[in-house]
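Just so it is clear: chains get the letters A, B, ... in the order the sequence lines come, proteins before strands, and each one is counted from 1.
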Amino acid sequence: MAYIAAFGASVPERVVTNDELSARLGRPAEWIKNVSGIEERRHVAEESVTDLAYAAAQVCLENAGIEASSLAMILVSCSTSPRRFPGPASALAHRLGLTEIPAIDITVASAGSLVAMSLAADLADVRGPILVVGTEIMSRIVLTEPLDPSVCILFGDGAGACLIHPDKGRARILGSLIASDGNFSEDLRLEDSTFQMNGRSVILQASRKIPRVIAQLLDKHSLRASDIKTFLMHQANQNLMDRVADALHVERTRFFSNIARYGNTSSASMLIAAAEWWRESPAQSEGMPFCFAAFGAGFHWGALLAEAV
Amino acid sequence: MDRRATILEIIQAVSKKKLAPAADESLFDSGLLDSFALPDMLSALEESFGIKIPDSDLNPRKFDTIERIEQYLESRQ
């Protein structure tokens, strides 16, 4: 089974506070915080999804202490590229000086990084080191007129990266589960530049599917939720993370959260959170298990279990 | 306790509001339920009526009013 060698992240410099959005939307800043837990988010100026991905990839490779030339494959999760094809994967590979390895785009929105990590964990033994990147610019989608206040407050921009290595790293991947259910594919979608979200349906499905897939994965590895010190979940909404923690009967503080500062950056969010958590808690005790989880449009969802080495 | 009374009791418990909506009144529009109270209500319905609501039935519209909840429960009998 593969290893997590390092994480990296990059967010734009520009901070957009609730006060700034409040003035534009005519809604109280406190309302934004209450419904989402978000206090501010980052929005790009001129950057592209590839720019953000490249910056996160560089940090990740530096943290891993390996050269880009060692990579055997790149998986890029991005559902907000303004270009339908090619996606940013090949452009990122080019920026990294790589022109002979597969660089594949994954467009499953919020669960994309989790799906990519799961696939990379399965493929690393065969291929070699795989760079996973989630990069999203949500602001250019949700800040188009007419604004939907319940949607545009939630999202931010950024990129996160993770290096999956076949035989060395700081955490061993124990296993993963990923799944898709197209029953409600209309309830969260980006179509012809229009973002549509049935929030009630999303929360309802996520509230059930996320705790369930985590419990299934832990059960498979004879672990209980209480054995997991840290959960790294897609940063969709603080209230949703709290609900998942409650459903698993663990303290809410075990779910690492940085949503207050970055908002929901779609598929980038889980890796941005992981990069911050890893940087803030460098001394992980050996054998300490931690668990990733994500859910998003499709619906696609999953969980991945790792332990520090 | 009859079915409607049980449903109302559940709605009041998850919403923490002692309101009695009309049977055809939207529980969302009336402010009794929000996105995060809905999953709680469905869990309580499952427990009270001894059913398991499959993911494919988790459409908020099916549970938007007391009447619709009754219809759903009827369909599961």
Stepwise side chain to side chain contact (heavy atoms under 4.5 Å, CB included) check, A:Leu190 with A:Ile141: CA-CA 9 Å; A:Leu190 175 60; A:Ile141 290 160; 3.6 Å; yes
Near-ring test A:Phe155/A:Phe195, centroid separation under 6.0 angstrom: yes
Within residues 31-43 of chain A or reaching into it, pairs that qualify as salt bridge (Lys or Arg N to Asp or Glu O under 4.0 Å) - sequence neighbours excluded: A:Lys33-A:Glu39
Are there any donor-acceptor pairs closer than 3.5 angstrom between chain A and chain B, and if so, which ones?
from: A:Gln205; atom 1: NE2; to: B:Asp55; atom 2: O; distance (Å): 3.1
from: A:Arg208; atom 1: NH1; to: B:Glu46; atom 2: OE2; distance (Å): 3.0
from: A:Arg208; atom 1: NH1; to: B:Ile53; atom 2: O; distance (Å): 3.4
from: A:Arg208; atom 1: NH2; to: B:Glu46; atom 2: OE1; distance (Å): 3.2
from: A:Arg208; atom 1: NH2; to: B:Glu46; atom 2: OE2; distance (Å): 3.4
from: A:Lys209; atom 1: NZ; to: B:Asp55; atom 2: OD2; distance (Å): 3.1
from: A:Arg212; atom 1: NH1; to: B:Asp55; atom 2: OD1; distance (Å): 3.3
from: A:Arg212; atom 1: NH2; to: B:Asp55; atom 2: OD2; distance (Å): 2.3
from: A:Arg243; atom 1: NH1; to: B:Asp40; atom 2: OD1; distance (Å): 2.9
from: A:Arg243; atom 1: NH2; to: B:Phe36; atom 2: O; distance (Å): 2.4
from: A:Arg243; atom 1: NH2; to: B:Asp40; atom 2: OD1; distance (Å): 3.4
from: A:Arg243; atom 1: NH2; to: B:Asp40; atom 2: OD2; distance (Å): 3.1

Side chain to side chain contact (heavy atoms under 4.5 Å, CB included) between A:Val15 and A:Arg261, worked out: CA-CA 9 Å; A:Val15 176; A:Arg261 286 178 288 121; over 6 Å; no
Proximity breakdown for B:Leu42 and chain A, heavy-atom pairs closer than 4.5 Å: both
A:Thr265 and A:Glu136: side chain donor to acceptor below 3.5 Å: no
Rounded distance (nearest 0.5 Å) linking atom CG of A:Leu223 with atom CD1 of A:Ile214: 12.5 Å
